[in-house]
Amino acid sequence: GAGVSQSPRYKVAKRGQDVALRCDPISGHVSLFWYQQALGQGPEFLTYFQNEAQLDKSGLPSDRFFAERPEGSVSTLKIQRTQQEDSAVYLCASSLVRFGQFFGPGTRLTVL
Amino acid sequence: GQQVMQIPQYQHVQEGEDFTTYCNSSTTLSNIQWYKQRPGGHPVFLIQLVKSGEVKKQKRLTFQFGEAKKNSSLHITATQTTDVGTYFCAGLSAGGTSYGKLTFGQGTILTVHP
């Protein structure tokens, strides 16, 4: 595809539900990143993959957050037992190694 | 941990005026990137600076990286209404083991009055 795509674009979950957010990076981009963006703030780093290897997951806020990229392409961010503080826009980005990142449109998660 | 501060938080200008946003890191950076996010949109990559003292231009936009690689600035000459948005700097810490962990500043929100 022409750019990074994410699905769903909007997700409403009841507190305690599990959610899965999908990211399709730009073809050929080995690096993939997940960020959390609260309203009025800059993106906050969650995790980083190079191909299928998760090289840095230091930004994941708790063990309820899990990300995978099993074949080095599509990635899924899973949040278990969602809490209201998980409400945010979740951004995925991809890049060639050590180059600028190309962001997807994001998934807006609202936890009721 | 690494912190990246941006000032000002907001800037309102008349069309045609210049605009500058400043970025300061608590640690030395390997490189710094700049992004623009339009209202309701996602961050869009503008540029990456790598060398100490580097200056790059993109039409009306001038980007600078400080000599100590701890600060950076973005200057827009003669703003236009299309420049409206939030400008973020994002730094990659030098000497870190993660080549991907960008730390974003909180952004400068630019509004341009026609």
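Reminder, nothing fancy here: chain letters follow the sequence lines and each chain counts from 1. Only a predicted model underlies this, so the values are computations on that prediction, with no experimental measurement involved. Quick note: numbers below take in every heavy atom, side chains included, and nothing from hydrogens, waters or symmetry partners.
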- Considering all heavy atoms of both residues, which atom of B:Leu102 and which atom of A:Tyr35 are nearest to each other, and what is their separation? CB-OH, 3.7 Å
- Task: Output the distance between atom OH (B:Tyr35) and atom CZ (A:Phe103), rounded to the nearest 0.5 Å.
- Result: 5.5 Å
- Message: Give me the atom names and distance for the closest heavy-atom approach of B:Lys101 to A:Ser58.
- Response: NZ-OG, 2.9 Å
- Item | Verify same cluster id: A:Tyr90, A:Leu32 (apolar side-chain graph, 4.5 Å) | yes
- Around atom CD of A:Glu71, are there more than 12 heavy atoms of other residues, nucleotides or ligands at under 6.0 Å? no
- Item | hydrophobic_cluster_shared for A:Leu46 and A:Val111, side chain cutoff 4.5 Å | yes
- Note on the structure: Interface check, chain B: of A:Gly106, A:Pro43, A:Gly42, most non-hydrogen pairs under 4.5 Å belong to A:Pro43
- Query: Do A:Phe33 and A:Leu55 share a hydrophobic cluster (ILVMFWY, side-chain heavy atoms under 4.5 Å, transitive)?
  - Reply: yes
- Identify which part of A:Phe49 has an atom lying under 4.5 Å from any heavy atom of chain B, answering side chain, backbone, both or neither. neither
- A:Gln37 versus chain B, heavy atoms under 4.5 Å apart: side chain, backbone, both or neither? side chain
- Task: Could you please state which residues from residues 45-79 of chain B sit under 4.5 angstrom from chain A, measuring non-hydrogen atom to non-hydrogen atom, sorted by number, or 'none'?
- Result: B:Phe45, B:Gln48
- Query: Does CG in A:Leu39 sit with more than 12 non-hydrogen atoms of other residues, nucleotides or ligands closer than 6.0 Å?
  - Reply: no
- Task: Quick one: which of A:Glu44, A:Gln101, A:Gln41 has the most heavy-atom pairs under 4.5 Å with chain B, could you say?
- Result: A:Gln101
- Message: Can you list the residues of residues 6-17 of chain A that sit under 4.5 Å from chain B, counting heavy atoms only?
- Response: none
- Could you tell me whether B:Glu15 atom CD has more than 12 heavy atoms of other residues or ligands within 6.0 Å of it? yes
- Query: Who wins among B:Gln9, B:Gln6, B:Gln37 for the most heavy-atom pairs under 4.5 Å with chain A?
  - Reply: B:Gln37
- Task: Indicate if B:Phe104 and B:Leu92 have the same hydrophobic cluster label, given that clusters are the connected sets of ILVMFWY residues with side-chain heavy-atom separations under 4.5 angstrom.
- Result: yes
- Item | Cluster overlap B:Val112 with B:Tyr87, hydrophobic side-chain contacts below 4.5 Å | yes
